[in-house]
J.: 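Please see the structure below; I have some questions.
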Amino acid sequence: MGRNEILVRVLACGVCHTELDEIEGRTPPKRFPMILGHQIVGSVVQCGETVTRFRLGDRVGIGWINGSCGNCRFCTEGRENLCEQFLATGRDVEGGYAEYAKVQEEYAFSVPQEFSDSEAAPLFCAGAIGYRSLRLTQMKDGDTLGLIGFGASAHMVIQLARHLFPSSRILVFARSEGERRFAKELGAFWAGDIDEEPPIRPDVAIDTTPVWRPVLYGLSFLQRGGRLIINAIRKEASDKDQMASIDYERHLWLEKEIKTVANVTRMDIEEFLEIARRVPIKPEVKEFALEEANEALFELKERKIRGAKVLRL
Ligand SMILES: [Zn+2]
Ligand SMILES: [Zn+2]
């Protein structure tokens, strides 16, 4: 146990699509075996000698970023999400599909008491990266927001966006009828299929799908001067050939922009937890036992999704 580390007894760990990217080799761990899981809520059971931020019994959360070099240009600018030596929880360091997890104290966060263990877990990736994506759109109140894909992250972003941008209309593009119904329940102005023409053009859009086709549709529907944020650590290769049909005039011209989002900073998590508590965001959670982790991952792969999946210990 390192001097600045805390040992946490895991209470809940969110299941993220990134785990499928690790298992299927799109962003593989450098060594095996590796314990997956980077949306951890737990209780502090041991503190290293120099730990000052936490005490035994505190409820803390751990996200995707588990450490960074601290010295590079990105780290010193508070952009440790872009650090070349950044370490990911559950990929480079053992994660939360386990009874215990360890982290340096500066990469752990107090969990607001408003959230149960299971509700809090998905805040640490799905929620925080959703917050970062929304921030990167640079949208203002009144702008129309498109959400392409409606999984764990988007179901929190819609709640966040309605709070931060009360006059904005939100369009949801989702494949399944269930996801579209859920989006309407959460206040979507309109919900349609991925390739369905929306009644108005989104000024900004966030794509959370693992494939390519929605990127093209997103760009073709985007308002002139609009910006598309791709919130995905990797895209699957299955329909990559679709991108060969990209058309400059239809998809890119008129100052349309594409930006990707990578990881989250500690500040993203801190800020998001505070806003999530205030809104308050209500994560919809389906619980699984630790032994059912494979089942949860299969459901995610088959896109059986309503809100977030969480392993409850
Ligand atoms: Zn994640
Ligand atoms: Zn760095």
Side-chain angles (χ1 to χ4, degrees), residues 10 12-24 26-29 34-41 61-98 101 103-104 106-107 109 118-134 149-157 206-210 229-236 260-269 272-273 276 281 283 285-286 288 293 296-297 299-301 303 305 307-311:
V10 179
C13 182
V15 176
C16 178
H17 192 275
T18 299
E19 272 98 78
L20 292 177
D21 293 318
E22 293 182 52
I23 292 165
E24 295 175 354
R26 288 179 293 276
T27 179
M34 175 57 64
I35 299 170
L36 302 170
H38 57 265
Q39 309 185 84
I40 306 170
V41 170
I62 305 169
W64 173 242
I65 189 154
N66 203 285
S68 62
C69 82
N71 303 313
C72 73
R73 178 183 138 206
F74 298 109
C75 282
T76 51
E77 288 173 352
R79 295 196 291 164
E80 69 269 18
N81 61 312
L82 299 179
C83 175
E84 289 185 36
Q85 271 133 55
F86 128 87
L87 297 173
T89 311
R91 187 190 65 187
D92 309 317
V93 177
E94 308 289 357
Y97 286 31
V103 69
Q104 296 171 41
E106 57 268 38
Y107 291 94
F109 308 86
S118 293
E119 285 171 340
L123 301 176
F124 285 88
C125 178
I129 199 147
Y131 170 69
R132 184 173 181 86
S133 306
L134 191 61
F150 202 70
S153 184
H155 100 285
M156 287 188 264
V157 170
I206 301 170
D207 164 40
T208 49
T209 68
I229 301 292
I230 303 181
N231 171 6
I233 186 166
R234 294 292 183 271
K235 286 280 191 188
E236 291 172 11
T260 62
V261 56
N263 316 316
V264 283
T265 65
R266 282 170 286 183
M267 200 195 272
D268 293 322
I269 295 184
F272 173 66
L273 288 175
I281 284 183
V285 168
K286 181 172 177 188
F288 295 78
L297 288 164
E299 280 195 14
L300 202 57
K301 187 164 173 59
R303 304 203 61 71
I305 297 164
K309 299 183 196 302
V310 173
L311 306 179

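Order of appearance sets the numbers: ligands from 1, and atoms from 1 within every ligand.
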J.: Short question: side chain of Tyr131, backbone of Leu273 - any donor-acceptor pair under 3.5 Å?
T.: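 No, because the side chain of Tyr131 does not come within donor-acceptor range (under 3.5 Å) of the backbone of Leu273.
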
J.: Is the ring pair Phe109/Phe124 parallel, tilted or perpendicular, if the boundaries are 30 and 60 degrees?
T.: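 It falls in the tilted class, 30° to 60°.
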
J.: Which value, rounded to the nearest 0.5 Å, describes the distance between Trp64 atom CH2 and Ile269 atom CD1?
T.: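 Separation between the atoms: 12.0 Å.
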
J.: Listed by chain and number, what are the salt bridge (charged side-chain N to carboxylate O under 4.0 Å, His left out) partners of Glu299, not counting sequence neighbours?
T.: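 Testing Glu299 for salt bridge (charged side-chain N to carboxylate O under 4.0 Å, His left out), a comparison that skips the adjacent residues, returns Lys286, Lys309.
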
J.: Judged by atom type as modelled, is there a donor-acceptor pair below 3.5 Å linking the side chain of Glu236 to the main-chain atoms of Pro210?
T.: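 Here the side-chain-to-backbone pair does not exist.
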
J.: Listing by chain and number, what protein N/O/S atoms are under 2.8 Å from the Zn ion (ligand 2)?
T.: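 Sorted hits: Cys69 SG, Cys72 SG, Cys75 SG, Cys83 SG.
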
J.: Quick one: does Glu119's side chain have a donor or acceptor within less than 3.5 Å of a partner on Pro283's backbone?
T.: no

J.: Measure across Val310 and Pro122 and return the closest heavy-atom pair with its distance rounded to 0.1 Å.
T.: CG2-CD, 3.9 Å

J.: Does the pair Cys72 and Glu84 meet the rule for a side chain to side chain contact (heavy atoms under 4.5 Å, CB included), with working shown?
T.: CA-CA 8 Å; Cys72 73; Glu84 289 185 36; over 6 Å; no

J.: Output all residues satisfying side chain to side chain contact (heavy atoms under 4.5 Å, CB included) with Asn81, sequence neighbours left out; order by chain, then residue number.
T.: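 Partners of Asn81 by the side chain to side chain contact (heavy atoms under 4.5 Å, CB included) criterion, ordered by chain and then number, come out as Arg79, Arg132, Asn263, Thr265.
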
J.: So what's near the Zn ion (ligand 1), protein N, O or S atoms under 2.8 Å?
T.: Cys16 SG, His38 NE2, Cys125 SG

